[in-house]
Amino acid sequence: AVGAVGFDGVLAAAGSAKPRPMASITKVVVALVVLEEHPLDVDAEGPAITMTPADVALYDAYRRVNGKVLPVRAGQVFTERELLELTLIESANNYSTSLANWAFGSEQAFVREARSWLAEQGLPGIRVVDATGLSPDNRATAADLVELGRIALADPVVAEIVGTDELQVHDVGLLENTNELLGTRGVTGIKTGTLDGYGANLLFSAEYTVGATRVTVIGVVLGGEDHPTLNRAIADLLKSVRAGFHELDVSDVGQDFATYTTPWGQSAAAEAAAEATLLTWGDTPVASDVRVDPVRLAEAGTRVGEVVFTSGERSTTVPLVLSDALTDPGPGWRL
């Protein structure tokens, strides 16, 4: 499924609309729910969190089931920001659970909060059962993951982290983003997911300039054969998505949108005071809503209303001004 910031819902979709295992895309929910409970400014590190023997046990447990893990020792101290980076960039299962446990006291408490948060966001197609995505019961529809991507990019901390290609973290080393498309073809994020038996997933974002407008595309592919195959398919998909956007000229300076005629025979137009363009997708129609004030006497150039152009969820407003003066007809006409 593919959508875009400023465009409602899904612009295009193919395949099953049923929930599928989302694997480590689950960690995007972890980050957003934790940040709602413990907000961070974009340049802040947040509170310090000390690793315990329980965190070491998580490393051992996830390694036994072939989950993605990174080293940890009891007594190590990480900030909230660093745990978010370990979770979203390297997709470390042990640190994702450590983050959820710190924020909510236990993984079970996190799951309760996550389900409540998903309901508040209007995302019934996403179900979370743990803080890692290792269980195939962490499922989501492609449509709701597009909306989750919108929410993630609207959070400046999450947006910055998922757009980071690599990063050094003390006591761990170099973190390399699991999203191999990052930095190519306009891709700016968001999160990979892989689960044995269920294929490769990618929730992605990409930015393009269309005319004078910057557009952010959000999409997801679930159940790919493997990540190299998935990445090639998404690269082709992004070409067609980019071609689907176009910028329309909706008004020119001096273009008439309404007319005035006085009882004494004068006339003037309500004309556009500015040029305007509107970004559209595919064959989405553009509607115009002209709103003008009643006028009896006014100078040329007086603002008399506006015209609002709308395509989907996007709109632009152009002021309307009087093309010619409407003047008093004088006592003779009045008589």
> Do Thr26 side-chain atoms and Thr132 backbone N/O form a donor-acceptor pair below 3.5 Å?
Replying inline: no
>> Any side-chain to backbone donor/acceptor pair from Asp252 onto Gln255? Under 3.5 Å, distance only.
In response: no
>> Show me the pairs that pass salt bridge (charged side-chain N to carboxylate O under 4.0 Å, His left out) and involve residues 64-90, at least two apart or across chains.
In response: Lys68-Glu90, Arg81-Glu85, Arg81-Glu160
> Any side-chain hydrogen bond (donor to acceptor under 3.5 Å, both in side chains) pairs touching residues 325-335, not counting sequence neighbours?
Replying inline: Gln266-Thr327, Asp328-Arg334
> Who pairs with Glu207 by salt bridge (Lys or Arg N to Asp or Glu O under 4.0 Å), at least two apart in sequence or on another chain?
Replying inline: Arg214
> Under the side-chain hydrogen bond (donor to acceptor under 3.5 Å, both in side chains) test, which residues partner Arg242, sequence neighbours left out?
Replying inline: none
> Can you tell me if Thr184 uses its side chain to pair, donor with acceptor, with the backbone of Leu181 under 3.5 Å?
Replying inline: yes
> Which of these, Val220, Asn179, Val221, sits in a side chain to side chain contact (heavy atoms under 4.5 Å, CB included) with Leu202?
Replying inline: Asn179
> Taking atom OG1 of Thr280 and atom CZ of Phe7, what is their separation to the nearest 0.5 Å?
Replying inline: 7.0 Å
>> Has Thr261 got a side-chain atom pairing as donor or acceptor with Ser267's backbone, closer than 3.5 angstrom?
In response: no
>> What verdict does the side chain to side chain donor-acceptor pair (under 3.5 Å) test give for Thr310 and Ser315, after you've listed the backbone C-alpha separation in whole Å, the side-chain angles of each residue and the deciding distance to 0.1 Å?
In response: CA-CA 4 Å; Thr310 304; Ser315 65; 4.8 Å; no
> Looking at residues at least two apart in the chain, or sitting in another chain, which of them share a side chain to side chain contact (heavy atoms under 4.5 Å, CB included) with Asp236?
Replying inline: Lys239
> Within the side chain of Asp144, is there an N or O that forms a donor-acceptor pair under 3.5 Å with the backbone of Ala140?
Replying inline: no
> Without hydrogens or angle criteria, can the side chains of Thr188 and Ser205 be said to hold a donor-acceptor pair below 3.5 Å?
Replying inline: yes
> Remaining members of Phe257's ILVMFWY cluster at a side-chain heavy-atom cut-off under 4.5 Å?
Replying inline: Leu248, Val250, Tyr260, Leu278, Val286, Val290, Val292, Val295, Val304, Val307, Phe309, Val318, Leu320, Leu322, Leu326
